[in-house]
J.: 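Submitted below is the structure of interest, expressed as structure tokens.
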2 protein chains.
Amino acid sequence: MADVAARAGVSVATVSRALSGEGRLVSAPVMERVQEAARELGYHPNNLARNMRAGTSRIFGLVISDVGNPFFTAVARGAEDVAHRHGYSLVLSNTDENPEREATSLGVMIAERAAGIMIATTNENGEALRRSIAMGTALVAIDRRIHGLPTDSVAVDNEGAAHEAVSHLIRLGHSRIAIIGGPRDAHTARERLRGYERAHREARLAVDPVLVTEGTFRETAGLAHTRELLALADPPTAIFSVNNLTTIGVLRALREAGCRVPRDVSVVGFDDIPTAELLDPPLTVVRQPTYRMGVQAAELLIRRILEPAAPVQEVLLTGNLVVRGSTGPRA
Amino acid sequence: MADVAARAGVSVATVSRALSGEGRLVSAPVMERVQEAARELGYHPNNLARNMRAGTSRIFGLVISDVGNPFFTAVARGAEDVAHRHGYSLVLSNTDENPEREATSLGVMIAERAAGIMIATTNENGEALRRSIAMGTALVAIDRRIHGLPTDSVAVDNEGAAHEAVSHLIRLGHSRIAIIGGPRDAHTARERLRGYERAHREARLAVDPVLVTEGTFRETAGLAHTRELLALADPPTAIFSVNNLTTIGVLRALREAGCRVPRDVSVVGFDDIPTAELLDPPLTVVRQPTYRMGVQAAELLIRRILEPAAPVQEVLLTGNLVVRGSTGPRA
DNA sequence: TTGTAAGCGTTATCAA
DNA sequence: TTGATAACGCTTACAA
């Protein structure tokens, strides 16, 4: 910067003004001289210094539990589009549902003074999250709310969506409906289970505890649970899988066992899959407004940065059932 | 930091030494006092300042053209695992194959003084890339080499893999084989086309130019081209699709036209899809070692940072054909 | 082993 | 409209 100043015959302060946002405080001829000098010298402002001066960076962190999950990449897309529009860059960080990696990610983002963080948390790092807020880093919870920490959040009405999916199965005549659940400590998993239960209650159907499973949000969990369910003396005639990855596991297990879908078993999944229509058979799902979730999350973040004292806002979006071929009347 | 120093009764320099890497220069009791003071005060080092001092950050940028593509998320996983192990964070940036967004991404990473950049480039930003190298930012090309700029790179033997896929079709008796190509200016697309041509040449089969299409790496391109191909007087009996997303478009078009796969048309795709085995029929593909590409890219970056003058290294991995159900003998 | 002080590249304040 | 200068929070000679 000093070099540019020397070449343009002005002070560094003027160079700064000319090259940063304050261009209107600089006379036209000086502006021109500075820009030319910068170009000739191949000068590039150092954001590191700029940010350090400002005390914050133009970065949003998006902490997700699985980059490989289309759900999160769609969210990332939405968030990135909004962030970019407002001059922020999006840093994606993958935790693999591992609290330690999540803690590391958060540490980096806080240390790097991210302007804001969007997080689908494992809910094991309450303190780190609390600290980030205390340090003035804006925080938005995505998909899962944060236990005991009221923050802006964007989520889907999980209970309602699950209720819709299971009611669809009940309407088709199914009464032995299994649920491939998520981790017990995941908010989303619990809410979806509640929707499953409510649908049963409303139809005056008893829930057989044997058909209620609990695991991870991974394909392997869907695979293992479905195998167990099929080995039952009185196996389910329908399966509701609470996560897109577990759904894939379910389908694999059914195929492996030679079960025809939906003749032998109906399947409805929570959250869509890019190739859902091309599967054999096309998969019935509850679709979540993933892109919109990302958009909303980034917008909440920006609002929070602009108005740090604004009241906490909890956005609740709704999912909708997409009936394709994997659900049918009970045999 | 000054507060911590005051509380621990030492100088800021000592605090710095105690809390950063130079712990061995500090006596045990002082070390303890400093750490306690830091904890009590909730002190978090400001990486912004640290990096500015160091002139570089502990960040790797990964610039990809499509976060929604499982190919890139798998690469990201590999790169992130290696980066993390070496104390770097991975910043993902999505360009949507848009040169302007790519330029912006690069600008941010250079300005942010990323320690290194891994990029699957559109090849429209040669100057920005050149500059990043000139500024000392390590650079590794992923998937696609950079025109006229020798850099470390990780890629797949596209021609060989395409050759294998098309030869497989030829062996099944097909002679009218269409290729759903990528953008003309994408290195990868050209190489895969060459593999397609070589397979024909070796089998003494003529290539019908009508069957050679060219488009984008998007689902819509596969859809549109396949529709056109099916409308031909003498349509192909097999289709080789050079990208996983276009392959999905191909399958959609075939389903829409009521074509049975592989009875009416065989399909082989380049690059695997997570649900490939569950599709109807299961999809035959050339699989790329995606995770390993990410690992290698990050390793090349680290090597380059450690040894800036090391000779350029171009890593070439090989794909392998996975035969599933979408290819069969000519009707 | 510890402290003093200079400096990293910016921007903001104040004065001219 | 411009310039001199003091921060921002940290690390690292150099000295003690």
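Here is how names work: the chains are called A, B, and so on, in the same order as the sequence lines, proteins then strands, and each is numbered from 1. Model, not experiment: these values are computed from the prediction. Both backbone and side-chain heavy atoms feed into the values below; hydrogens, waters and symmetry mates do not.
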J.: Taking side-chain hydrogen bond (donor to acceptor under 3.5 Å, both in side chains) as the definition, give me every residue that meets it alongside A:Arg184, ordered by chain and number, with sequence neighbours left out.
T.: A:Glu214
J.: Report the end-to-end axis angle of the helix from C:dT1-D:dA16 to C:dA16-D:dT1; each axis comes from five terminal pairs, and the value is rounded to 10°.
T.: 30°
J.: For B:Glu32, which residues count as a salt bridge (charged side-chain N to carboxylate O under 4.0 Å, His left out) partner, sequence neighbours excluded?
T.: none
J.: Collect all protein-nucleotide pairs involving nucleotides 2-6 of chain C in which both atoms are nitrogen or oxygen and the distance is under 3.5 Å.
T.:
{"residue": "C:dT2", "atom": "OP1", "partner": "B:Ser27", "partner atom": "OG", "Å": "2.7"}
{"residue": "C:dT2", "atom": "OP2", "partner": "B:Ser27", "partner atom": "N", "Å": "2.8"}
{"residue": "C:dT2", "atom": "OP2", "partner": "B:Ser27", "partner atom": "OG", "Å": "3.4"}
{"residue": "C:dG3", "atom": "OP2", "partner": "B:Ser11", "partner atom": "N", "Å": "2.9"}
{"residue": "C:dG3", "atom": "OP2", "partner": "B:Ser11", "partner atom": "OG", "Å": "3.0"}
{"residue": "C:dG3", "atom": "OP2", "partner": "B:Thr14", "partner atom": "OG1", "Å": "2.4"}
{"residue": "C:dG3", "atom": "N7", "partner": "B:Arg17", "partner atom": "NH2", "Å": "2.7"}
{"residue": "C:dG3", "atom": "O6", "partner": "B:Arg17", "partner atom": "NH1", "Å": "3.3"}

J.: State which residues pass salt bridge (charged side-chain N to carboxylate O under 4.0 Å, His left out) with A:Arg113; sequence neighbours excluded, sorted by chain then number.
T.: none
J.: Please check if any side-chain donor atom of A:Glu112 sits under 3.5 Å from a side-chain acceptor atom of A:Asn51, or the reverse.
T.: no
J.: Residues two or more places apart in sequence or in another chain: which of them pass salt bridge (charged side-chain N to carboxylate O under 4.0 Å, His left out) with A:Asp81?
T.: B:Arg101
J.: What is the distance, rounded to the nearest whole Å, between atom CZ of A:Arg113 and atom C1' of D:dC8?
T.: 11 Å
J.: Enumerate the residue pairs fulfilling side chain to side chain donor-acceptor pair (under 3.5 Å) with a member in residues 295-310 of chain A, sequence neighbours excluded, ordered by first and then second residue.
T.: A:Asp152-A:Arg303, A:Asp152-A:Arg304, A:Arg303-A:Gln313
J.: For A:Met135 and D:dG9, give me the distance from atom CE to atom C1', rounded to whole Å.
T.: 12 Å
J.: Tell me, please, which residues at least two apart from B:Arg77 pass side-chain hydrogen bond (donor to acceptor under 3.5 Å, both in side chains).
T.: A:Asp66, A:Asp96
J.: Return the value, rounded to whole Å, for the distance between atom CG of A:Leu19 and atom P of C:dG9.
T.: 15 Å
J.: With sequence neighbours left out, what residues match A:Arg39 under salt bridge (charged side-chain N to carboxylate O under 4.0 Å, His left out)?
T.: none
J.: Rounded to whole Å, please give me the gap between CD in A:Glu112 and P in D:dC10.
T.: 13 Å
J.: How many Å lie between CE on B:Met52 and P on C:dT10, as a whole number?
T.: 9 Å
J.: With no hydrogens and no angle check, is any side-chain donor or acceptor of B:Thr137 less than 3.5 Å from a backbone partner on B:Gly116?
T.: no
J.: Return a table of donor-acceptor pairs under 3.5 angstrom between the side chains of residues 142-149 of chain B and protein atoms on other chains or two or more places apart.
T.:
{"residue": "B:Arg144", "atom": "NH1", "partner": "B:Glu97", "partner atom": "OE2", "Å": "2.8"}
{"residue": "B:Arg144", "atom": "NH1", "partner": "B:Thr121", "partner atom": "O", "Å": "3.2"}
{"residue": "B:Arg144", "atom": "NH2", "partner": "B:Ser65", "partner atom": "OG", "Å": "3.4"}
{"residue": "B:Arg144", "atom": "NH2", "partner": "B:Glu97", "partner atom": "OE2", "Å": "3.4"}

J.: Can you list everything that forms a side-chain hydrogen bond (donor to acceptor under 3.5 Å, both in side chains) with A:Asn125? Sequence neighbours excluded, please.
T.: A:Glu102
J.: Starting at CE of A:Met1 and ending at C1' of D:dA4, how long is that distance when rounded to a whole Å?
T.: 13 Å
J.: Between residues 41-51 of chain A and DNA chain D, which residues have a heavy-atom gap below 4.0 Å?
T.: none
